[in-house]
**Student:** 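Have a look at the structure that comes next, please.
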Amino acid sequence: MANNGGPRKPLVAERRYPRGGKPGPKKTPPKKSAKPARKRPVRRHGLIVGLLLGLLRFFGSLLFKVTWRVFAVIALVLGSFVYYYYTQLPPLETLLDGRTRGSVTMLDRDNQVFAWRGETFGGQITAKNVSPYLREAVVATEDRRFYHHFGVSPRGIGSAIRINLSEGRGPFSGNGGSTITQQVAKLLCLGVEYDPKKWKNEAEYETDCRSGGLTRKIKEIPYALAMEAKYTKNDILTIYLNRAYLGAGARGFEAAAQRYFGISAANVNPQQAAMLAGLLKAPTRYAPTNNLARSQARAGTVLALMHEQKFLTDAQYQEAVAHPATLSEAAQKRAGGYFADWVMDDIPPFLSSDTTEDVIVHTTLDQRVQAAAESALKDVFDNKVKDGSKAEAAIIVMSADGAVRAMVGGRESKVTGAFNRATMALRQPGSTFKPFVYAAAMDMGYTPDSIVQDTPLTLNIPGSGPWSPQNYERTYSGPITLTQALTHSVNVATVRLQEEVGRDAVRKVAEDFGFGHNLAKGPALGLGVSESTLIDMTGAYAGILNGGSSVRPYGLTDLRLKGDQTPIFTSGGGIGERVISEKAARELVYMMHSVVENGTGRRAKLNGYEVAGKTGTTQSARDAWFIGFTADYVTGVWMGNDNNKPLTGVTGGGLPAEIWHEVMTRVEQGQESKPLPMADPSEWRGQTQPYDGQTYSSDGTVVSGWNAQNQPVQQQEPNIAEKIINDVLGAITGKR
């Protein structure tokens, strides 16, 4: 549109942009400052700080890059090990019984357990079926965060290091801070099986597996993590409950509960659970069979932990503390330790000490009789032996067929693997040997009323010269009956009788009865100078009681593998061949009954029971014996010093007879009184064998005799030089 000459209106663009181009930013005039700004000087130390900060940033970045790479490598290596162990871990069921050897469980004549040997395994249990008190006691004591960690507890390790350092030990010495999972890793030996080529024995292998230190800890970590990945928490706890060693040969909590309390691990109460869990710290030291008071104190600590961690209410805690756990009756007795060791020695090693199976052995032991023998011995030594005495004693109780019912091998009865004086000690029996002399005579037709002279005697011993036995009291009684000679243990009369019947006959009777071998060949044989053991002597007397047949003392009746009904083998002991006639045995029992009624064994009398027996005291009283029997049992008692020093004021008719009396008083208590199988005097009266009044030396010459007035007549022994000359002349002339 044309402009009519009036003022031109600015265009839109002109209104938007001023002349001279596009509009720029609107300029704001600067404010006038009151004072001119000063120029700040550059400080030199700011440059240094900047450089340091830069270096820190650089090294920090470098450290971060290195650290995460190192941790990545460690994680990769750790993961590799964890994966390796994970693939190697076997099924749970194969890990529950960790024993490399089996066990031997012994049952008495009533089929009650009385002893264990080796490591017993009571059977598989799980964390779910054990008593909840036991499960909680183990967790409270060993690893309170067990259900919350992943197999390793850094907090626990740190706490253990702090405790070790505060007690002056190395950081990894002492407390290890191991979780239950890590302890199971040790029990499994990190999957390494026993190799006899690498370790000298299993004990060395076990020690290596249980060793601590930083290296072992590092090895445990991946194995523990692998277990946590492979098994559940209850699975891991189950392995622990089955494999942990808890003292007294018990492997696993089921075996321990049965061993100490006679019940299953499923049924233990809080105080019993606390005692079992307390054993984990030091099984042998805290075993209640070693020191019950110490075990109860340790259990008190565990109960406090259970209460603190809310596993026990206030009432349950107070009740458990007020009534601490005690041992079962069988565990308290620990009966038959010597007996169990003796039976083990009679079993082939592959079924006993080296067995890989669980073996059950039925035995002849009678725990009532065993307890009677142990308590009787203790009572006599407590009340009738002076304090500080080092004298020892041993006791055997057996039936007439040789079945051993009790065995005490020393004054300390609760033992395992100790020296057994009843079966191992070879000692001279003294006058307890004399019944074998009279047995030989009875078997040849002598009677208890046969006459023997008790007068001075001298025998010529080839190569040794004259020998004159002496009576204990140094007196002589002249002609006496055999019963009188045995009743009063007359030495000279016994030697005379032995020389009459012949030493070979006496030796054969003794050996056939089981006395032993290598008996003395000289005339002192009849006075008991040969050596034997208490068990063999007692077995020989059992042959007299049973009517004249030998016995083999035995303790095992049968042996079988656990779970099997058919025995692998049964006893080979018991009654053997006849040694003397039944008539001779009955007459000998009569004579030995007189020993107790009228002679040296009077202290062994039992009110209401017939007793037969014989005392024995060796030279200088180094050994003292009494062996006797009722109709039910044969019991042998020995006393002496282990160093063979003489006893002080002890003879066989003294303390040994008193011990015998105390044992049999307890054993026969409540038992029906039965008569001894002995002859009646009417059976031989009027049939007495005449005695010719002569005693012969081993070469057949008369050594001594009696004249018509029954006075001793000694034959003068020739001078040794004269005897040699006469022998030479006899050889030359052909006359001897």
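The figures that follow rest on heavy atoms only: side chains count, while hydrogens, waters and symmetry mates do not.
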**Student:** Does any N or O in the side chain of Asp454 come within less than 3.5 Å of the main-chain N or O of Ser477, such that one atom is a donor and the other an acceptor?
**Tutor:**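 Indeed, once roles are kept as given, a pair shorter than 3.5 Å links the two residues.
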**Student:** Considering all heavy atoms of both residues, which atom of Tyr609 and which atom of Gln671 are nearest to each other, and what is their separation?
**Tutor:**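 Tyr609 and Gln671 have their closest heavy atoms at OH-O, 2.6 Å.
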**Student:** Hey, does the side chain of Thr483 reach the backbone of Asp449 with a donor-acceptor pair shorter than 3.5 angstrom?
**Tutor:**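 No; zero donor-acceptor contacts below 3.5 Å.
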**Student:** Of all the heavy-atom pairs spanning Val501 and Ala440, show the shortest one and how long it is.
**Tutor:**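 Here Val501 and Ala440 meet closest at CG2-CB, 4.4 Å.
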**Student:** Tell me every residue that passes side chain to side chain donor-acceptor pair (under 3.5 Å) with Asp512, counting only those two or more places apart in sequence or in another chain.
**Tutor:**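 Asp512 satisfies side chain to side chain donor-acceptor pair (under 3.5 Å) with Lys508 once adjacent residues are dropped.
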**Student:** Sequence neighbours left out, what passes salt bridge (Lys or Arg N to Asp or Glu O under 4.0 Å) with Asp366? Give chain and number order.
**Tutor:**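 Expected list: Arg109.
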**Student:** Between Glu582 and Arg586, does any NZ, NE, NH1 or NH2 come within less than 4.0 Å of an OD or OE carboxylate oxygen?
**Tutor:**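 No.
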**Student:** Kindly state each residue pair satisfying ring-ring contact (aromatic ring centres under 6.0 Å, His included) with at least one member in residues 382-405, sequence neighbours excluded.
**Tutor:**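 Residue pairs with at least one partner in residues 382-405: there are none.
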**Student:** For residues 461-470, dump all side-chain donor-acceptor pairs below 3.5 Å to protein atoms at least two apart in sequence or in another chain.
**Tutor:**
from, atom 1, to, atom 2, distance (Å)
Ser468, OG, Leu457, O, 3.4
Ser468, OG, Thr458, OG1, 2.7
Gln470, OE1, Tyr476, OH, 3.3

**Student:** Could you go through the salt bridge (charged side-chain N to carboxylate O under 4.0 Å, His left out) check for Arg507 and Glu511 one step at a time?
**Tutor:** CA-CA 6 Å; Arg507 193 178 294 109; Glu511 289 179 347; 5.4 Å; no
**Student:** Going by salt bridge (Lys or Arg N to Asp or Glu O under 4.0 Å), name the pairs with one or both residues in residues 637-658, residues two or more places apart or in two chains.
**Tutor:**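 For residues 637-658, and leaving out neighbouring residues, the salt bridge (Lys or Arg N to Asp or Glu O under 4.0 Å) pairs sorted by first residue read Lys384-Glu658, Arg421-Asp642, Arg603-Glu658.
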**Student:** More than 12 non-hydrogen atoms from neighbouring residues, nucleotides or ligands closer than 6.0 Å to OH on Tyr472, yes or no?
**Tutor:**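 Open.
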**Student:** Could you list the residues that satisfy salt bridge (Lys or Arg N to Asp or Glu O under 4.0 Å) with Asp382, not counting sequence neighbours?
**Tutor:**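 Testing Asp382 for salt bridge (Lys or Arg N to Asp or Glu O under 4.0 Å), a comparison that skips the adjacent residues, returns Lys378.
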**Student:** Is it the case that over 12 heavy atoms from other parts of the model lie below 6.0 angstrom from the CD atom of Gln619?
**Tutor:**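 Count not over threshold, so no.
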**Student:** Please find the pair of heavy atoms, one from Ser530 and one from Pro429, that lie closest to each other, and give the distance.
**Tutor:**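 Scanning both residues completely, I find the closest heavy atoms to be O-CD, 2.8 Å.
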**Student:** Charged N to carboxylate O under 4.0 angstrom, Glu610 versus Lys674?
**Tutor:**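 The answer is no: the pair does not qualify as a salt bridge.
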**Student:** Can any side-chain N or O of Asp108 pair as donor or acceptor with the backbone N or O of Asp110 at less than 3.5 Å?
**Tutor:**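 Yes; judged by distance alone, with no hydrogens or angles, the pair exists.
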**Student:** Pair up each side-chain donor or acceptor in residues 537-544 with any protein partner under 3.5 Å, not counting sequence neighbours, and list the distances.
**Tutor:**
from, atom 1, to, atom 2, distance (Å)
Thr538, OG1, Leu534, O, 2.8
Tyr541, OH, Thr432, O, 2.6

**Student:** Can you name the closest pair of heavy atoms from Val667 and Arg368 and give their distance?
**Tutor:**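 Of all heavy-atom pairs spanning Val667 and Arg368, the closest is O-NH1, 2.9 Å.
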**Student:** For the residue pair Arg578 and Gly547, what are the closest heavy atoms and their distance?
**Tutor:**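 Taking Arg578 first and Gly547 second, the nearest heavy atoms are NH1-O, 2.7 Å.
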**Student:** Which heavy-atom pair separates Met398 from Ile535 by the least distance, and what is that distance?
**Tutor:**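 Taking every non-hydrogen atom into account, CE-O, 4.0 Å.
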**Student:** With a 3.5 Å distance limit and no angle check, can you tell me whether Thr447 reaches the backbone of Trp684 through a side-chain donor-acceptor pair?
**Tutor:**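 Not a single qualifying donor-acceptor pair exists.
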**Student:** Are the side chain of Asn383 and the backbone N or O of Asp379 linked by a donor-acceptor pair below 3.5 Å?
**Tutor:**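 Between the backbone of Asp379 and the side chain of Asn383 there is a qualifying donor-acceptor contact (under 3.5 Å).
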**Student:** Might you confirm whether atom CG of Asn607 has over 12 heavy atoms from other residues, nucleotides or ligands at distances under 6.0 Å?
**Tutor:**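 Counting neighbours around CG of Asn607, 12 or fewer heavy atoms of other residues, nucleotides or ligands fall under 6.0 Å, so no.
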**Student:** Taking only residues two or more places apart in sequence, or in another chain, which ones meet Asp401 in a salt bridge (Lys or Arg N to Asp or Glu O under 4.0 Å)?
**Tutor:**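 Partners of Asp401 by the salt bridge (Lys or Arg N to Asp or Glu O under 4.0 Å) criterion come out as none, since no residue qualifies.
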**Student:** For Arg496 and Thr455, run side-chain contact (heavy atoms from CB on, under 4.5 Å): C-alpha distance rounded to whole Å, both residues' side-chain angles, the deciding distance at 0.1 Å, then the answer.
**Tutor:** CA-CA 9 Å; Arg496 287 187 186 279; Thr455 53; 2.9 Å; yes
**Student:** Under the rule for salt bridge (Lys or Arg N to Asp or Glu O under 4.0 Å), what residues qualify as partners of Arg411, not counting sequence neighbours?
**Tutor:**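 Arg411: no salt bridge (Lys or Arg N to Asp or Glu O under 4.0 Å) contacts found.
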**Student:** Can we say Lys583 and Glu587 salt-bridge, meaning some charged N sits less than 4.0 Å from an Asp/Glu carboxylate O?
**Tutor:**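 Yes, charged N to carboxylate O under 4.0 Å.
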**Student:** Nearest 0.5 Å, what's the CG-CG distance between Leu545 and Leu588?
**Tutor:**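 Reported to 0.5 Å precision, the distance equals 11.0 Å.
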**Student:** So, the side chain of Asp443 versus the backbone of Ile580: is there a donor-acceptor pair under 3.5 Å, distance only?
**Tutor:**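 A pair under 3.5 Å: no.
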**Student:** Taking atom CG of Asp680 as the centre, does the number of heavy atoms from other residues, nucleotides or ligands within less than 6.0 Å exceed 12?
**Tutor:**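 Counting neighbours around CG of Asp680, more than 12 heavy atoms of other residues, nucleotides or ligands fall under 6.0 Å, so yes.
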**Student:** My understanding is that only residues two or more places apart in sequence, or in another chain, count here; which of them pass ring pair (Phe, Tyr, Trp, His ring centres under 6.0 Å) with Phe433?
**Tutor:**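 Partners of Phe433 by the ring pair (Phe, Tyr, Trp, His ring centres under 6.0 Å) criterion, ordered by chain and then number, come out as Phe436, Phe515.
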**Student:** Judged by atom type as modelled, is there a donor-acceptor pair below 3.5 Å linking the side chain of Arg666 to the main-chain atoms of Val663?
**Tutor:**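 Pair absent, no side-chain N/O of Arg666 close to backbone of Val663.
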**Student:** With Lys614, which residues qualify under side chain to side chain donor-acceptor pair (under 3.5 Å), at least two apart?
**Tutor:**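 Lys614: side chain to side chain donor-acceptor pair (under 3.5 Å) contacts with Ser489.
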**Student:** Are the charged groups of Asp341 and Arg117 less than 4.0 angstrom apart, N to O?
**Tutor:**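 Judged by the 4.0 Å cut-off on N to carboxylate O distance, Asp341 and Arg117 do form a salt bridge.
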**Student:** Of all residues at least two apart in sequence or in a different chain, which pass the side chain to side chain donor-acceptor pair (under 3.5 Å) check with Tyr438?
**Tutor:**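 Here the qualifying residues are Thr494.
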